[in-house]
Amino acid sequence: MTIVSNLDAIKKWLEDNVCQYIKFKKPDDDNPLDGYNYELVTPAVFVQYLPSKNFPNTAPPAPSICIQLEGGSDDIISRNGELNIRLGFSIWNPGMYKNINEKLNLNLNVEGWRDPWNFIDLALEKIENSEYIGGLRLIKENGINFAAISEQTNIPQFFPYWYAEIKFTLERSIVRTKESYRHLLD
């Protein structure tokens with residue numbers, strides 16, 4: 001399989017095995033305090049880049065997982081390759097909404113950090129219990145790493161957005177045929 005088809009297979013696996021089991025608040029940066037239309041949505045999965053929040057005909061950039069290929073390597077002798085994968089988790093949560101006198105009120109707080117970690121816990125459970133992700137072998141012996149994502153300081157400053165990541169390595173098979181004898185194989 002090609003790198004692009006590998007990334008597409010990982011996307012499908014995350015949609016089917018992680019995202020369908022959890023919901024988070026749909027972002028509304030224009031009206032988070034007054035007039036917010038409270039809605040829980042299934043996280044979207046994107047490959048390589050998050051779309052801007054106003055990109056037409058696409059899910060919002062949060063809640064989501066963004067699959068990024070950080071690099072890889074191919075061993076053409078053993079016909080195996082490795083893909084170093086980073087999953088970026090994005091959540092929007094400005095606080096707790098309560099229905100008071102038939103009006104939705106926001107209790108603005110900084111407890112939204114819990115959402116990405118709940119999302120990470122679910123994803124870790126699914127990943128660590130799998131041998132294959134999108135048909136690619138999880139290289140468990142390389143370990144799985146996770147962390148909060150921050151700006152250039154130790155404390156994230158993205159409120160009301162919250163970010164975290166998981167990193168792991170997948171093994172893929174590679175098939176190469178030399179052009180000099182390809183005609184003999186057709």
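Predicted model only: the values in this text are computed from it and were never measured.
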Identify whether [X] and [Y] are in the same connected component of the hydrophobic contact network (ILVMFWY, side-chain heavy atoms under 4.5 Å).
| X | Y | result |
| --- | --- | --- |
| Val47 | Leu69 | yes |
| Leu138 | Val18 | yes |
| Trp162 | Phe158 | yes |
| Ile3 | Tyr132 | no |
| Tyr21 | Ile65 | yes |

Exercise for the section: Ignoring hydrogens and angles, tell me if any N or O in the side chain of Gln20 forms a donor-acceptor pair with the backbone of Asp16 under 3.5 Å. Expected result: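 Confirmed, Gln20 side chain pairs with Asp16 backbone.
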Locate the shortest heavy-atom distance separating [X] from [Y]; write the atom from each residue and the value.
| X | Y | result |
| --- | --- | --- |
| Ile174 | Gly81 | CG2-N, 4.3 Å |
| Pro94 | Leu108 | O-CD1, 3.2 Å |
| Gly95 | Asn109 | CA-OD1, 3.5 Å |
| Ala123 | Ile166 | CB-CD1, 3.8 Å |
| Pro116 | Ala164 | CB-CB, 4.2 Å |
| Val45 | Cys19 | CG2-SG, 3.6 Å |

Discussion item. Between Leu87 and Phe168, is there a side-chain heavy-atom distance shorter than 4.5 Å?
Written reply: yes
A side-chain contact here means heavy atoms from C-beta on lying under 4.5 Å apart; do Glu82 and Asn142 qualify?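 Yes, at least one pair of side-chain atoms sits under 4.5 Å.
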Distance from [X] atom [atom1] to [Y] atom [atom2], nearest 0.5 Å?
| X | Y | atom1 | atom2 | result |
| --- | --- | --- | --- | --- |
| Asp121 | Ile22 | CG | CD1 | 9.0 Å |
| Leu7 | Leu83 | CG | CG | 7.0 Å |
| Tyr49 | Ile67 | OH | CD1 | 14.0 Å |
| Glu141 | Thr169 | CD | OG1 | 9.5 Å |
| Ile127 | Ile144 | CD1 | CD1 | 6.0 Å |
| Asn17 | Lys12 | CG | NZ | 9.0 Å |

Criterion side chain to side chain contact (heavy atoms under 4.5 Å, CB included) on Ile85 and Leu136, from CA distance to verdict: CA-CA 12 Å; Ile85 301 296; Leu136 306 168; over 6 Å; no
Determine whether more than 12 heavy atoms belonging to other residues, nucleotides or ligands lie under 6.0 Å from atom CD of Glu131. no
Notebook entry, point to check: So does Lys140 have more than 12 non-hydrogen atoms from other groups sitting under 6.0 Å from NZ?
Noted result: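 More than 12 within 6.0 Å, yes.
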Assign the ring pair Tyr161 / Tyr163 to parallel, tilted or perpendicular, where the plane angle (0 to 90°) is split at 30° and 60°.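 Parallel, since the angle between the ring planes stays under 30°.
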Report the relative orientation of the aromatic rings in Phe119 and Phe24; use parallel for angles under 30°, tilted for 30 to 60°, perpendicular for over 60°.
-> tilted
- Task: List the steps, then state whether side chain to side chain contact (heavy atoms under 4.5 Å, CB included) holds for Asn37 with Lys26.
- Result: CA-CA 9 Å; Asn37 184 17; Lys26 181 178 180 181; over 6 Å; no
* Considering the options Leu122, Leu124, Asn118, which one meets the side chain to side chain contact (heavy atoms under 4.5 Å, CB included) requirement together with Ile120? ->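 Testing Ile120 for a side chain to side chain contact (heavy atoms under 4.5 Å, CB included) against Leu122, Leu124, Asn118 leaves exactly one candidate, Leu124.
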task: Please report the C-alpha distance between Asp115 and Trp92 in whole Å, then the side-chain angles of each, then the deciding distance to 0.1 Å, and finally whether the side chain to side chain contact (heavy atoms under 4.5 Å, CB included) criterion is met.
output: CA-CA 9 Å; Asp115 284 351; Trp92 179 87; over 6 Å; no
Applying side chain to side chain contact (heavy atoms under 4.5 Å, CB included), run through Trp117 and Phe146 and close with a yes or a no. CA-CA 10 Å; Trp117 289 110; Phe146 49 91; 3.8 Å; yes
Q. Checking side chain to side chain donor-acceptor pair (under 3.5 Å) against Asn93, which of Glu111, Lys25, Arg114 comes through?
A.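 Per the side chain to side chain donor-acceptor pair (under 3.5 Å) rule, the option paired with Asn93 is Lys25, out of Glu111, Lys25, Arg114.
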